[in-house]
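Labels below follow one simple rule: chain letters A, B, ... track the order of the sequence lines, proteins then strands, and each chain is numbered from 1.
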Amino acid sequence: MIDLLLSIQSLETIYDRLYHAYGPQHWWPADTPFEVMVGAVLTQNTAWSNVDRAITNLKEAKCLAADDIILLPDKQLAELIRPSGYFNIKAKRLKNLCRWFVKQGGFKLLSKKKTDVLRLSLLDINGVGPETADDILLYAFSRPVFVIDIYTRRLLTRLGLITGTEDYETLRGNFEKTLTPDVQLFNEYHALIVRHAKEKCMQPDKCRHCVVEAPLVTSD
DNA sequence: ACCCAGGGTCATA
DNA sequence: TATGACCATGGG
């Protein structure tokens with residue numbers, strides 16, 4: 001038995017406070033599951049406003065489909081996604097993802113796979129790391145996977161629940177074992193953490209009325 | 001002018 | 001395994 005760092009009380013209190021403060025976030029901001037996958041790659045270390053422009057470009061060029069992206073020359077694809085930054089490397093990563101997607105038979109066949117198998121398959125793609133894979137699993141494939149990002153780390157560290165040096169799998173495992181594996185809960189939880197981060201509450205002296213500032217456990 | 005953003009890979013020690 | 005360099009646009 002692995003001893004858990006995170007208690008059910010703490011995680012539920014954080015969620016309740018975030019939800020009460022911000023309400024439902026309606027994630028992922030995309031029209032289709034495939035668009036979620038594309039957005040997951042494009043948003044790597046990049047503000048969403050920039051990703052939105054890139055996706056708009058792909059739509060206007062009628063290239064927001066795996067087959068189209070694969071056939072597009074690197075140079076042209078890079079030009080379309082230019083606003084999202086890192087456009088040369090992301091063009092290659094997008095193609096890697098699309099070739100994998102087509103080769104695996106698209107959503108029809110991929111949806112039959114078990115979550116852990118699908119996850120390993122995603123991680124095998126060059127350009128898809130843990131967070132991108134989990135974004136895709138949760139928001140495109142509706143699997144109960146908890147996404148860990150820099151904001152999650154900062155929040156838990158600030159609250160004194162973790163040291164911040166824990167590796168990705170440790171944190172993901174803790175969330176998934178502590179909370180009941182519910183797709184909608186995980187969907188909303190991660191979205192709320194990102195929403196909260198946009199309040200710029202995570203810098204020491206910029207937190208005015210931070211919704212998670214009060215002690216998590218009021219009684220011992 | 002500077003800092004950071006809804007990360008990941010690769011080379012080096 | 002653990003750092004550091006690198007990728008690059010756009011908003012504050």
**Q** Does A:Arg172 make a cation-pi contact with A:Phe146 (under 6.0 Å, within 45 degrees of the axis)?
**A** no

**Q** Measuring from the side chain of A:Asn50 (C-beta onward, heavy atoms only), which nucleotide among B:dG6, C:dA8, C:dG10 has the closest atom?
**A** C:dG10

**Q** Could you give the CG-to-P distance, from A:Asn57 to C:dT9, as a whole number of Å?
**A** 14 Å

**Q** Taking all heavy atoms of A:Thr157 and all of A:Gly164, pick out the closest pair and write down the distance.
**A** OG1-CA, 3.5 Å

**Q** Nearest to the side chain of A:Pro130, heavy atoms from C-beta on, is which of B:dG8, B:dC10, C:dG10?
**A** B:dG8

**Q** With A:Arg119 as reference, evaluate A:Asp135, A:Asp124, A:Asp134 under the salt bridge (Lys or Arg N to Asp or Glu O under 4.0 Å) test and give the passing residue.
**A** A:Asp134

**Q** Which part of the nucleic acid, if any, lies within contact of A:Thr132, taking any heavy atom under 4.0 Å across all strands shown: a base, the sugar-phosphate backbone alone, or nothing?
**A** sugar-phosphate

**Q** Would you indicate which nucleotide in B:dG8, B:dG6, B:dG7 comes nearest to any side-chain atom of A:Tyr86?
**A** B:dG7

**Q** Quick check for you: among C:dA8, B:dG8, B:dG6, whose closest atom lies nearest to any side-chain atom of A:Asn45?
**A** C:dA8

**Q** How far, in whole Å, is B:dG6 from C:dT3 if one measures between their P atoms?
**A** 25 Å

**Q** Rounded to whole Å, how long is the line connecting atom CE of A:Met37 with atom C1' of B:dG6?
**A** 18 Å

**Q** Has A:Arg82 got a side-chain N or O lying under 4.0 Å from the OP1 or OP2 atom of C:dC7?
**A** no

**Q** Can you measure A:Asp52 atom CG to C:dT9 atom P for me and round it to whole angstrom units?
**A** 18 Å

**Q** Could you tell me the separation between the CG atom of A:Leu42 and the P atom of C:dC7, rounded to a whole number of Å?
**A** 19 Å

**Q** Which whole-number value in Å describes the distance from A:Arg153 CZ to B:dG7 C1'?
**A** 12 Å

**Q** For B:dA5, give the paired nucleotide (Watson-Crick: N1-N3 plus N6-O4 or O6-N4; G-U: N1-O2 and O6-N3; both under 3.5 Å), or none.
**A** C:dT9

**Q** Nearest nucleotide by nearest heavy atom, which residue falls closer to the 5' end of DNA chain B, A:Gly127 or A:Tyr139?
**A** A:Tyr139

**Q** Which part of the nucleic acid does A:Ile81 contact within heavy-atom distance under 4.0 Å: base, sugar-phosphate only, or nothing?
**A** nothing

**Q** Please tell me whether A:Phe107 and A:Phe141 form a close aromatic pair, meaning their ring centres lie under 6.0 Å apart.
**A** yes

**Q** Roughly how far apart, to the nearest Å, are B:dC2 and C:dA8 at atom C1'?
**A** 16 Å

**Q** Figure out the OH/P separation between A:Tyr151 and B:dC4, and round it to whole Å.
**A** 11 Å

**Q** Ring centres within less than 5.5 Å and planes less than 30° apart: is that true of A:Trp28 and B:dG6 in this structure?
**A** no

**Q** Of all the nucleotides listed (B:dG6, C:dG11, C:dA8), which has the minimum atom distance to the side chain of A:Trp48?
**A** B:dG6

**Q** For B:dA5 and A:Arg154 - does any side-chain N or O of the residue sit under 4.0 Å from the phosphate oxygens OP1/OP2?
**A** yes

**Q** Hey, are A:Glu166 and A:Arg153 close enough for a salt bridge, meaning a charged N less than 4.0 Å from a carboxylate O?
**A** no

**Q** Any non-hydrogen side-chain atom of A:Leu97 less than 4.5 Å from a side-chain atom of A:Phe101?
**A** no

**Q** Tell me the interatomic distance from A:Arg53, atom CZ, to C:dA8, atom P, rounded to whole angstroms.
**A** 18 Å

**Q** For A:Val51, answer base if it contacts any base atom (sugar-phosphate contacts may also be present), sugar-phosphate if it contacts only those atoms, and nothing otherwise; contact means non-hydrogen atoms under 4.0 Å.
**A** nothing

**Q** A:Asn88 near the nucleic acid: base, sugar-phosphate alone, or nothing, with a heavy-atom cut-off under 4.0 Å?
**A** sugar-phosphate

**Q** Between A:Ser49 and A:Ile125, who's closer to the 5' end of DNA chain B by nearest nucleotide?
**A** A:Ser49

**Q** Just checking A:Arg93: base, sugar-phosphate only, or nothing, at a heavy-atom cut-off of under 4.0 Å?
**A** base

**Q** Could you give the CG-to-P distance, from A:Leu94 to C:dA8, as a whole number of Å?
**A** 13 Å

**Q** What nucleotide, of B:dG6, C:dG10, B:dG8, holds the atom closest to the side chain of A:Trp27?
**A** B:dG6

**Q** Check A:Phe87 against A:Ile81 and note the closest heavy-atom contact, atom names and distance.
**A** O-CD1, 3.5 Å

